[in-house]
Number of protein chains: 2
Amino acid sequence: MEEVQTHRPDRRRERTRQLLRDALTALIIEKGYDAISIQDITDRANVARPTFYLHFRDKDELLFSSVRDIYEDLAQRHYQMEWTPEAILSAETVDDSDFQHIAENAEFYKVMLSKRGSITFLLQVLDYLTEVTMKDIISLMVPEGSQSRLPPGFIASFLAGAEIGVVRWWLANDMPHSPQEMALIMHHLCTRGLAWAVDMPVPPSDFRVES
Amino acid sequence: MEEVQTHRPDRRRERTRQLLRDALTALIIEKGYDAISIQDITDRANVARPTFYLHFRDKDELLFSSVRDIYEDLAQRHYQMEWTPEAILSAETVDDSDFQHIAENAEFYKVMLSKRGSITFLLQVLDYLTEVTMKDIISLMVPEGSQSRLPPGFIASFLAGAEIGVVRWWLANDMPHSPQEMALIMHHLCTRGLAWAVDMPVPPSDFRVES
DNA sequence: CATTTAATTTACAGTGTGTCTTATAATGGG
DNA sequence: CCCATTATAAGACACACTGTAAATTAAATG
């Protein structure tokens, strides 16, 4: 017996929800995610504590209600382009929207991808990146009917993890490069690997894993 | 005025600490890290709750007291070998101790690197991997007096993140490959990059970032 | 066996959670 | 503009967990 609550439009509702969202993001930057109590959020938002539970089950639900549209927007921006194998591997068409977005919300990510952040959030981002990368890998292989040497899921997880690592380095070092530069560096390292990065040759290998 | 407590050896002490450590790891696998209370731990260990605080400040301190020696052991195993630039880039001398260790503690890592885990732990592992990788990168460049195209910290963060991503994939897919295979696959992908992985050529590039 | 130290037991104050009730205020529809 | 509806406020409650304290009991060491 699922009782689905349908809400007629009401300014008070959206206003309160927005106040709570804003309070949360401000508090995250100030004191870290874990240290925030529901009381903190409602105090900051000038809302009674029981009101919180009229809108969100817990802190995580509030957090994800804040970021969901951001990732929809990012994915949409990414897929505005028609990705072909050539475009993905070419340095001319590198997509820097991820790094752009991180730069615009640097304070937020600096906290949320640190010990003061939330593992749920970090893994959500990682899964998002894996999924997007996965689609790119697929579009890289399917049109050719070609087989990659490694399982696509493996490669996507590899690249997504690498991106998180690099973003953390970027933020920890106060963003010494522009988003465009970062995307380009990342692209070179991803496509060409460590041997290129340290400018040393490795022998060719026909190593292959059946997926 | 630092009051350093010096403990003469006493079986009761080490016994209690070990009981608490064992209780924690068992509980982590059962219900996830976050859901565990101090009470849970002491109940499982058959120890009074105030006793916990005679040994550890909080849950995190207990956790890290459990894993510290593991990582010392791993690092020591890794550095038993004299790493030269050739050895690091060669597929003959791949070090699989990390994957071996993960496989031996698969249940534990499956939880701790998931939403039911702990961000502090995940980042601790990430930082450990970054540090170890960093030393490898350095040993790759210094003896030659050569310069890498990218800042070593960048590369190390990239590879460490990639390793976490891959380990998560490996665990999520119930370890379809042996630790040795995983280390080998990882090695190929790290050194040769995406172009190799999907078996498509990219033009050479003399792109370089001054560190 | 005696001394030292660890652990137990009980208790307490503090903090946060999730829910409930009653009263008040704002909103959108007619 | 008024009214029925719905959101919010205010206060209170039971519950769980934390960190610490005091007095007592138990165990290990030499």
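If you're wondering where the values come from, they're calculated on a predicted model, not measured in any experiment.
Distance CD1 (I38(B)) to P (dT20(D)): 11 Å, rounded to an integer number of Å. Taking atom CG of residue N46(A) and atom P of nucleotide dA10(D), one finds them 10 Å apart after rounding to whole Å. dA7(D) atom P lies 14 Å from atom CZ of F56(A), rounded to whole Å. Put simply, NZ on K59(A) is 10 Å from P on dG18(C), counting in whole angstrom units. Between R13(A) atom CZ and dA25(C) atom P the separation is 21 Å, expressed in whole Å. Atom pair Q39(A):CD and dG16(C):P shows a separation of 8 Å (rounding to whole Å applied). When rounded to the nearest whole Å, the span between CG of D60(B) and P of dG19(D) equals 11 Å. Residue D43(B) contributes atom CG, which lies 13 Å from atom P of dA16(D) at whole-angstrom precision.
The side chain of R12(A) contributes no N or O atom lying less than 4.0 Å from OP1 or OP2 of dA26(C). Side-chain nitrogen and oxygen atoms of H55(B) include none within less than 4.0 Å of the OP1 or OP2 phosphate oxygen of dA6(C). In terms of phosphate contacts, Y53(A) brings no side-chain nitrogen or oxygen within less than 4.0 Å of OP1 or OP2 of dT19(C).
Checked against the 6.0 Å centroid threshold, W170(A) and F99(A) count as a close aromatic pair.
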Take S118(A) and I119(B), measure what side-chain contact (heavy atoms from CB on, under 4.5 Å) needs, and give me the verdict at the end. CA-CA 6 Å; S118(A) 136; I119(B) 190 166; 5.6 Å; no
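Minimum atom distance to the side chain of D10(B) is reached by dA6(C), of the listed dT18(D), dT10(C), dA6(C). Candidate nucleotides dC17(D), dA7(C), dA9(D) were compared by shortest atom distance to the side chain of T51(A), and dA9(D) ranks first. For T16(A), the listed nucleotide lying nearest its side chain is dT8(D); candidates were dG28(C), dA7(C), dT8(D).
One N or O donor and one acceptor, one from the side chain of R49(B) and one from the base of dG19(D), sit under 3.5 Å apart.
Looking at C190(B) and F158(B), their side chains never come closer than 4.5 Å, going by heavy atoms from C-beta outward.
In terms of heavy atoms, S97(B) sits closest to L74(B) at O-CD2, 3.7 Å.
Under a 3.5 Å cut-off, the side chain of Y109(A) and the backbone N or O of L171(A) do not form any donor-acceptor pair.
Looking at which nucleotide of DNA chain D each of R15(B) and P50(B) is closest to, the 5′-most match is held by P50(B).
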